[in-house]
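Presented below is the structure to which this report refers.
Values in this document were obtained by computation on a predicted structure and should not be read as measured data. One-based numbering, in listed order, for ligands and for the atoms of each.
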Amino acid sequence: MTTPRVLRTPDEVRWFVNDLRRRGQTLALVPTMGFLHDGHLSLMREGRARCDVVAATIFVNPTQFGPTEDLTRYPRDPVGDLAKCGSAGATVVYSPEPATVYPPGYQTYVNVEQVSQGLCGDRRPGHFRGVATVVTKLLALFRPNVALFGEKDYQQLQVIKTLARDLELGVEIVGMPTIRESDGLAMSSRNTYLSADDRARALSLSKGLFAMQAAAKAGETDVAKLLALGLAPLTQANVKLDYLEVRDAQTLEPLTTLTKERSARVLVAAFLGTTRLIDNLALTVS
Ligand code: PAF
């Protein structure tokens with residue numbers, strides 16, 4: 001394994017990208033906020049399978065955190081992350097300072113209108129504006145052939161697919177399946193905040209989603225009945241629900257009935273203590 005080269009400025013990225021283009025090589029980009037787990041590494045491995053070179057970014061993006069959120073205590077592990085990026089096939093890691101990305105006088109933001117509404121968009125005002133802005137900047141800077149994101153942040157993935165399409169960025173946005181712990185908990189950098197008790201209660205999220213998925217597969221199409229099934233483990237575990245909703249898998253419009261023609265997704269957010277976790281699954285009617 002070779003340790004990836006760390007790039008700190010847009011100029012360094014441009015030199016790297018221009019050199020790569022001169023050689024005729026293709027590029028996969030994996031944007032992250034660091035504290036990497038197997039979910040992130042699966043994106044880098046897939047990037048390596050699809051392209052000649054993989055670039056990862058590690059940047060805890062301040063514009064996507066609300067004033068009461070966990071920006072200052074967001075977990076960081078720069079040394080460990082670099083080794084993990086190398087092991088998963090990344091050649092470079094772009095890790096700029098916040099003032100490099102948002103210098104004094106910065107005033108340009110990207111707002112993706114419809115898919116940013118509802119769900120996390122309502123609960124975390126300004127969050128997707130921050131995500132869309134930083135991802136657009138990274139895509140414009142790297143001009144990758146492919147950029148990979150986890151389905152765990154499902155609404156974020158739809159926001160990014162929409163901005164790449166609308167702004168004609170010429171990049172393929174690839175969504176990769178959520179990687180789970182052996183007991184079903186979706187991997188997340190925020191799982192590190194959980195106490196042992198919260199960690200055990202957090203299993204109710206995936207338990208509820210899998211119960212809904214099994215019922216849909218068995219023929220249940222009534223969304224109200226499916227939601228009652230998904231809610232039961234959350235109530236039993238006494239977690240504070242933020243939302244549990246069934247939406248169209250692409251447009252994220254609310255659904256009341258599942259049909260074979262329209263793919264559906266169930267999305268959940270809940271608090272375990274002060275930690276907010278999200279998860280989602282596809283619902284397919286047989
Ligand atoms: O999913 C994340 O880690 C972040 O939201 C992203 C896409 C890297 C933008 O900061």
Side-chain angles (χ1 to χ4, degrees), residues 7 10 13 28-44 46-47 54-66 69-78 80-81 84-85 88 90 92-102 106 108-112 115-116 119-121 123-142 144 146-164 167 169 171-179 186-193 267 269 275-280:
L7 310 177
V13 173
L29 184 69
V30 179
T32 81
M33 297 207 299
F35 210 71
L36 304 176
H37 50 67
D38 279 352
H40 298 112
L41 303 188
S42 74
L43 306 180
M44 295 180 205
E46 180 66 17
V54 177
T57 72
I58 297 180
F59 177 62
V60 182
N61 174 37
T63 62
Q64 69 189 74
F65 287 80
E69 292 182 352
D70 56 347
L71 172 62
T72 48
R73 69 168 190 138
Y74 195 82
R76 293 164 206 246
D77 178 19
D81 281 351
K84 286 178 187 169
C85 289
V92 295
V93 172
Y94 179 46
S95 195
E97 289 299 321
T100 304
V101 180
Y102 302 109
Y106 187 87
T108 304
Y109 293 89
V110 177
N111 188 31
V112 181
V115 285
S116 296
L119 305 168
C120 290
R123 271 56 173 208
R124 304 183 65 190
H127 170 66
F128 288 122
R129 176 184 185 253
V131 169
T133 300
V134 80
V135 170
T136 302
K137 281 171 69 82
L138 292 171
L139 293 176
L141 184 59
F142 279 87
V146 169
L148 300 100
F149 299 86
E151 284 184 345
K152 216 271 283 159
D153 295 286
Y154 194 80
Q155 189 176 15
Q156 165 175 286
L157 177 62
Q158 301 316 312
V159 167
I160 293 167
K161 282 186 172 171
T162 306
L163 76 84
L167 299 177
L169 296 180
V171 56
E172 183 189 355
I173 304 297
V174 176
M176 291 291 292
T178 302
I179 304 292
M187 288 194 186
S188 164
S189 304
R190 288 189 168 96
N191 290 349
T192 190
Y193 299 145
L267 303 102
T275 304
R276 185 175 178 277
L277 297 182
I278 58 172
D279 199 352
N280 67 85

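Judged by distance alone, with hydrogens and angles left aside, the side-chain atoms of Lys152 form no donor-acceptor pair with the main-chain N or O of Thr178 at under 3.5 Å.
Here the closest non-hydrogen pair linking Val131 and Asn61 is N-ND2, 4.2 Å.
Rounded to the nearest 0.5 Å, atoms CZ (Arg124) and CD (Gln64) are 7.0 Å apart. Rounding to the nearest 0.5 Å gives a distance of 11.0 Å between OG1 of Thr32 and NZ of Lys84.
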Close N/O pairs between ligand 1 and protein, under 3.5 Å:
{"from": "ligand 1", "atom 1": "1 (O)", "to": "Gln156", "atom 2": "NE2", "distance (Å)": "2.8"}
{"from": "ligand 1", "atom 1": "5 (O)", "to": "Gln64", "atom 2": "NE2", "distance (Å)": "2.9"}
{"from": "ligand 1", "atom 1": "5 (O)", "to": "Gln156", "atom 2": "OE1", "distance (Å)": "2.7"}
{"from": "ligand 1", "atom 1": "10 (O)", "to": "Gln64", "atom 2": "OE1", "distance (Å)": "2.6"}

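Below 30°, between 30° and 60°, or above 60°: for Tyr74 and Phe65 the angle between ring planes is above 60°, a perpendicular geometry.
Under the 4.5 Å side-chain criterion, counting only non-hydrogen atoms from C-beta, Arg190 is not in contact with Phe35.
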